[in-house]
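In what follows, every heavy atom counts, from backbone to side chain, and hydrogens, waters and symmetry copies are set aside. Every chain is numbered from 1 and lettered A, B, ... according to where its sequence line falls, protein lines coming before strand lines.
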Protein chains: 2
Amino acid sequence: MIANLSITEENYIKAIYHLQQTDGNVTTNEVAEMLHTKAASVTDMLKKLNAKNIVNYAKYQGFTLSDDGRKIALSIVRKHRLWEYFLVEKLQFGWDEVHEVAEELEHISSLKLVEKLDAFLEYPKFDPHGDPIPDVNGKMVYQPQINLTDLPPSELAEVTAVGSQSTELLELLKHKKIAIGTKIIIKKKFLFDNSIEIKLQNQAAFTISQQLAQALFVKKTPNE
Amino acid sequence: MIANLSITEENYIKAIYHLQQTDGNVTTNEVAEMLHTKAASVTDMLKKLNAKNIVNYAKYQGFTLSDDGRKIALSIVRKHRLWEYFLVEKLQFGWDEVHEVAEELEHISSLKLVEKLDAFLEYPKFDPHGDPIPDVNGKMVYQPQINLTDLPPSELAEVTAVGSQSTELLELLKHKKIAIGTKIIIKKKFLFDNSIEIKLQNQAAFTISQQLAQALFVKKTPNE
DNA sequence: TAATTATTTTAGATTCGCCTAAAATATTAT
DNA sequence: ATAATATTTTAGGCGAATCTAAAATAATTA
Ligand SMILES: [Mn+2]
Ligand SMILES: [Mn+2]
Ligand SMILES: [Mn+2]
Ligand SMILES: [Mn+2]
């Protein structure tokens, strides 16, 4: 059951995992776009992963991860998010700076390292972007959250996650002083451009774009 | 000046660095042996590194690192030893378990990561095996130390470093309760097999082999 | 349904790191 | 100095991961 995969193979497996979270069945072009490579390269890799029983693949039909594939993907996601947590909490990185570094660290193979790191960090449940960290067995906390655009006006909510790790998004959030845990109330929705007027604690209300609202996930907070 | 080297290239550069510490001029076969590869592969890589001005190489003449090459090597050694320190001091690894993991971690490219890690560890000067950690500028503490075989009898000394990171050596040292910092006195040298009778604090004297003695480096301690 | 367009796969090359076998060069022994 | 041996380099090839261009298949549109 011990995998011994190349960094490239691991990156493909993780990409397929993330794509099938939203899409179900994954396509060649989606993977190519996500990994900044070409469709032909993806097909080559799919044949390899299929031969290793990591992916269920039939020509022209799309594909999904096998059970083994999903386990591997979860172990990579686990490492990625644990390292991100380490970078932010222990090394004082900004939450907008950690993704690229974790992209490398997630490929360090030592199992012992992951478990010791997890213990050192005291078994965190969420990474700095609000995404759940799988445990040793691949289990993670399900956080019931909704998109900010689906939050009704006047209800207090708390930011739980962001929809992407792009520098651009995180830069904007930093400027607007919005982070994981920030309390938010929707004041008004504008139908013209789907922009939303929101209010944070101890701050004047301001308006954010539809794009930004869609990138924010929240959970409703008991209005104490 | 930014390098962007493959992991393989980095491993060659580090190997050449270590070999030239003892040998001065380095040979193809030495590198091949250290990296468990073949002489022909080393020649291929030397051409590449020569083209990048990382090594001074002339056919059949042996080679050394260029100034650039040395800088690169030092930055890899710095990362390797910082990570080893991290693994032992923060994650509670044994000193005999960290070398292989650091062999991977040393290739993580983020400069910011190294500096933040160094700060987090409070700028350690030596790794768990007693080897000095280069600072950002490649400078490291010179520790005047001698081989245990050169220590005169009856002089109190302290173990400062070990000559290799092999599991076999570290296992033996653990069993004999010898570590970095351990105080040692030589009781007697046996000419027949160059074995040495030594005594540690609060322990009965025992004899160690020539091979083991050669793997230990010490500094003389003011006999308070 | 048939034609057009989009997607996916194959074919054929390229680069990197590695190998074995043979040739070139250097070293050592006679 | 010449021969034998050791070391290093070259020649030629292989697998992994990538690419472009062309062919195969699927999906969409007319
Ligand atoms: Mn990655
Ligand atoms: Mn994250
Ligand atoms: Mn290495
Ligand atoms: Mn070390």
To the nearest angstrom, how far is [X] atom [atom1] from [N] atom [atom2]?
X       : N      : atom1 : atom2 : answer
A:Phe63 : C:dT8  : CZ    : P     : 8 Å
B:Lys38 : C:dT20 : NZ    : P     : 4 Å
A:His36 : D:dC19 : NE2   : C1'   : 17 Å
B:Asn25 : C:dA26 : CG    : P     : 14 Å
B:Glu33 : D:dT8  : CD    : C1'   : 16 Å
A:Leu46 : C:dT9  : CG    : C1'   : 11 Å
B:Tyr57 : D:dT10 : OH    : C1'   : 10 Å
A:Met45 : C:dT10 : CE    : P     : 16 Å

Base of C:dC16 paired with side chain of B:Asp44 (donor-acceptor, under 3.5 Å):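 No pair found.
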With B:Ile13, which of B:Thr8, B:Leu74, B:Ile72 fulfils side chain to side chain contact (heavy atoms under 4.5 Å, CB included)?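 Only match with B:Ile13 under side chain to side chain contact (heavy atoms under 4.5 Å, CB included): B:Ile72.
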Can you check whether [X] has a side-chain N or O nearer than 4.0 Å to OP1 or OP2 of [N]?
X       : N      : answer
A:Thr27 : C:dT7  : no
A:Thr8  : D:dA16 : no
A:Lys47 : C:dT10 : yes

Using a heavy-atom cut-off of 4.0 Å across all strands, would you classify B:Thr43 as base, sugar-phosphate, or nothing?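 The residue B:Thr43 makes base contact.
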Let me see the working for A:Arg81 and A:Glu106 under salt bridge (Lys or Arg N to Asp or Glu O under 4.0 Å), right down to the final yes or no. CA-CA 8 Å; A:Arg81 293 181 181 165; A:Glu106 71 191 358; over 6 Å; no
Both A:Thr37 and A:Gln61 contact DNA chain D. Taking the nearest nucleotide for each, which residue is further toward the 5' end?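 The residue closer to the strand's 5' end, by nearest nucleotide, is A:Thr37.
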Pair [X] + [Y], salt bridge at N-O below 4.0 Å:
X        : Y        : result
A:Lys116 : B:Glu97  : no
B:Arg78  : B:Asp118 : yes
A:Glu9   : A:Lys52  : yes

Compare the minimum distances between each of [options] and the side chain of [X], then state the nucleotide with the smallest one.
X       : options               : answer
B:Ser41 : C:dC19, D:dT10, C:dT8 : C:dC19
A:Tyr60 : C:dT10, D:dT8, D:dT25 : D:dT25
B:Asn29 : C:dT9, D:dA26, D:dT8  : D:dT8
A:Lys59 : C:dT10, C:dT8, D:dC19 : C:dT10

